[in-house]
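Below is one structure, written out as C-alpha cells; the observations come after it.
Chain letters run A, B, ... following the sequence lines, proteins first, then strands; residues in each count from 1.
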Amino acid sequence: MSEVLRSRTARWLVPGAAVVVITAGVGINAAVASADPALPARTATDLLVSLAHAPGQPFSGTVAENADLGIPALPGTASTSLSWQSLISGSHTARVWYASPSQVRVSLVGDLAESDVVRSGSDVWVWSSRDNTVSHTVLPAGGTVTSDATPPMDPATAAARALAAIDPSTAVTVDGTSRVAGRPVYELVLTPRASSSLIGQIRLAVDSETSVPLRVQVIARGATEPAFETAFTSISFETPATSVFAFSPPPGAQVSESTLPTVGTQARSGSGTTSATTHPEPTVIGTGWTSVVEIPDAATLANGSGSAQGSSSATTAALMKATTTVTGSFGTGQLMQTALVSVLLLPDGRMFVGAVTPDLLEQAAASAPR
Amino acid sequence: MSTSDTAVLLDRPASISSRLLRSELRLVFTRRRNLAILAVLACAPILLGIAIKLGSRTGRGGGGGPAFIGQITQNGLFLAFTSLVVTLPLFLPLAVAVVAGESIAGEASTGTLRSLLVVPVNRSRLLAIKFAGIVAYAVAAAAVVAVAGVLVGFVLFPTGPVTLLSGSVVPLGNALMRVALVAVYVAAMLAAVAAIGLFVSTLTEVPLAAMATTAIVVVTVEILDAVPQIASIHPWLFTNWWLSFGDVLRDPVALDQMTRGLLVNAAYVVVFGALAWARLTTRDVTS
C-alpha cells in the first residue's frame, strides 16, 4: 500500500517538476540577460565621441517603447491604436531597419495592424494599414532633411537628440555596465544641473561594440522609474536587405502626395500643410534644459489639425479636464503638468510648453511679450 | 489490471496504439455533435461575408469592426483572417473544450473508460491518444474556418494579389500559404486549451462539467488578459499570444511574438498534460 502511495505521490510530482523546470528556465534566462557584464572602463567623453560616430552602423531590430508621462488616458491612445501621436502614452512595439541615413524604415506594430515610415532616397512614405492610406513626400534633392518630425521611436535618433541638448548645464557620467537586447552596454547618464528642469536623468545604454544606443530612459526629477523608455528587445548589426526599404503604394490605398520638406513626414491628406504655413512660428524662451517653447496660436493650431485627425477635438477635451486654473501677471491660464512636461494655455491662444516646473513656466509666460 | 496481463498482450503495442488512435479519430470525427460544431464554425465566414457584402452595397462598409474588415471588400482572402479573428476568442476554444471535456469524462460517464483500460495500452498512451484526437479536432476546426473563409471570400469578393499589413503586395499563392500558416498557428494555440480540457476531463465523470469548466478557464484567462493593471503577467497567459498570427502578414514576417506564443502555449501543454497524466494514472477507475 505504502509503495502504491509513494508511486502515486511521485506521479503528482511530475507536473510540479514541470512547473519548476519551466519557471527556473525562464528565471535563469532572465538572470543571465540582466547580469552586469564586465567591460573595460571608459570615460563619459570617450562614450560621447563614439556615440557621435555610431550613425554609420547599419542595424535592424525590434524596439519596445513605453511612456508613462502621467497624461490622462486619451481617446485613441490605447496600445492597440497605431497613430504616431499615440506614442505619448502606453506601450508600443516597433521594428526598425537602418542601412544609411537615406534608407530607414520604422514599422509601428499593433495587433493585426501596422503603421510604417519608410525613407528610401528622397522618397518618404507613411503607410497606415488600418486607414489604408499612404502619404508620399519627396525631399528636395541633395537636401539633408533630418526627420525631426518623426517621433524618436528608434533609440539612435532619440539619443542624437538628447546629445544635441548637452551643454555646460549637464553633468555627464558613466554609471557602470548593463545588458540590453542581450548585448553588453555602458550606461551613460546625463543629469541636468538646473533644479527647475522636470527631467532628473536621461540614461543612454551604449552598445560596447558598435556604440549604437540600445536604450534611452528619461527619468523625471525625484522619480525612480523612467517616464519614457525606448529600448531594443532584439538587434542585429547586419545591413538590412534593400527590399525592406522598397515601398510602392498598394492598389486601392488612398495616396496623398506632398513635396513640402518642412512639413516632413507628418503631412496627412493635405490639411497638415495648411496649418503649418498659415500660423506664426513658435519661439523659444531660455536655453538648455529649461527652455520654454511659446506657441502663439495654439488654439487654432489644434482646430486646424482636428480636421486631419478627427479624434483631436476629443483629445483636446480630455486634456482640458486634466488642467488646473492658475493666475499671475500673465492673466488666467490653464495649466497641465505631466511627469516630464508642463503646459500652460492662455485664453488669448498662446501656449507655453517646457520640461520645466510650473513656476518657471509661469515666469516665462509673465515675461513673454504679447 | 495486473501488470502480468498487459505484459503478455503488449507484444505489438505500436499497432494496437495506432488502431486505438484510428478508432479515437473516428469517434471524434463521426460524433454528430462534433460535426455540427464544425458546421457552425463554417457558418461564421458565410454570415460575416454576407453581412459585409450587404454593408458595402448600402455604403456602410467603412469604419469600426474587427481587424481587416475594410480590406475584405478589396480582397476576399481577408475574410479568412477576419473569420479567424472573430472565432478565436470564443467559438474555436469552445469547440475544443467540448471535445476535450468529452474525452475522458465522457468515457467515464458511459462506463466505457473501464473497458478501454482493459485494452492492452497503458494509461499514458491512452492519454496521448486522447490528446492527439483533440488536437486533430482543433486543427480541423481552424482549417474549416480558414477554408470556408477563403471559399466564401472568393465567391463574394474580388480576388488577386494581396496587400500585407506592411503595405507590400504578394501574389495570391503566397497569400494562401500565409493563410495556411495562420491556421496552423491557431491550431497550435488551441493545443493549450486541449491540454487544459483533457486535465479537467480526468477530474470528473460528468462531461458537461468538464466542458463548461474548460470554457470558463479560457474566458477567465481572456478577461485577465484584458485587465491593464496586471499587464506584468500578460506575457504568461496563453491567450495573450493568440492574435500574434497577424505577424505572418508582415513583410518581412516577424517571428519574435509567434515564437514566444508557441513556447508559452507549449509550456501550458506540458504542465496540464502532466497533470492529466498524474491524475489518470493514479485514479481508481470504477466506471
Side-chain angles (χ1 to χ4, degrees), chain A residues 4-5 7-23 25-26 60-62 66 73 78-80 82 90-91 93 95 97 105 107 109-116 118 125-134 233-234 240-241 243-244 246-253, chain B residues 62-63 66-68 70-71 73-75 78 81-82 84-85 123-124 158 160-170 199 228 231 234-236 242-247 249-252 254-257 263-264 266-284:
Chain A
V4 174
L5 202 67
S7 92
R8 285 189 171 195
T9 324
R11 277 166 191 265
W12 280 105
L13 286 179
V14 172
V19 173
V20 170
V21 167
I22 289 167
T23 42
V26 170
S60 62
T62 308
N66 187 42
S79 55
T80 49
L82 275 190
S91 301
T93 307
R95 302 166 81 198
W97 294 266
R105 176 172 152 195
S107 299
V109 170
D111 275 350
L112 309 174
E114 188 171 313
S115 294
D116 284 63
V118 186
W125 303 92
V126 182
W127 154 254
S128 159
S129 77
R130 194 157 284 169
D131 306 336
N132 199 18
T133 53
V134 174
T233 51
S234 66
S243 60
V244 167
F247 188 91
S248 54
Chain B
F68 304 131
Q71 279 103 312
T73 48
Q74 287 151 30
N75 199 312
F78 278 102
F81 297 116
T82 310
L84 283 169
V85 172
R123 293 187 185 189
S124 312
V162 175
T163 304
L164 300 178
L165 290 177
S166 304
S168 33
V169 178
V170 294
F199 170 56
H234 286 177
W236 307 107
W242 283 4
L243 289 183
S244 298
F245 71 66
D247 288 1
L249 298 174
R250 301 188 199 282
D251 180 32
L255 292 173
D256 306 13
Q257 302 279 308
L263 287 175
V264 168
Y268 276 88
V269 169
V270 167
V271 170
F272 281 94
L275 280 170
W277 173 81
R279 168 67 182 162
L280 189 70
T281 53
T282 58
R283 171 174 165 185
D284 292 319

Going by heavy atoms in the side chains, are R250(B) and R95(A) under 4.5 Å from each other?
-> yes

May I ask you to test the W127(A)-T163(B) pair for a side-chain heavy-atom distance under 4.5 Å?
-> yes

Between [options], who has the most heavy-atom pairs with chain A when the cutoff is under 4.5 Å?
options                            : result
A267(B), A254(B), A276(B), G246(B) : A254(B)
G160(B), G167(B), S168(B)          : G167(B)
T281(B), N75(B), V270(B)           : T281(B)
A231(B), S166(B), P161(B)          : S166(B)

Answer with side chain, backbone, both or neither: which region of S234(A) has an atom nearer than 4.5 Å to a non-hydrogen atom of chain B?
-> side chain

Portion of W125(A) that has a non-hydrogen atom of chain B nearer than 4.5 angstrom | neither

Gap between atom [atom2] of [Y] and atom [atom1] of [X] - 0.5 Å precision:
X       : Y       : atom1 : atom2 : answer
D256(B) : T93(A)  : CG    : OG1   : 9.5 Å
R11(A)  : R123(B) : CZ    : CZ    : 9.0 Å
F81(B)  : L112(A) : CZ    : CG    : 10.0 Å
D251(B) : S243(A) : CG    : OG    : 7.0 Å

Quick one: what part of L275(B) sits under 4.5 Å from any heavy atom of chain A, side chain, backbone, both or neither?
->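 Contact with chain A involves both backbone and side-chain atoms of L275(B).
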
Is chain A contacted by the side chain of V169(B), its backbone, both, or neither, given a heavy-atom distance below 4.5 Å?
->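 When you check distances to chain A, only side chain atoms of V169(B) fall under 4.5 Å.
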
Using heavy atoms and a sub-4.5 Å threshold, report which of residues 16-23 of chain A line up against chain B, by residue number.
-> A18(A), V19(A), I22(A)

Mind running side-chain contact (heavy atoms from CB on, under 4.5 Å) on E114(A) and L164(B) for me, showing each step along the way?
-> CA-CA 9 Å; E114(A) 188 171 313; L164(B) 300 178; over 6 Å; no

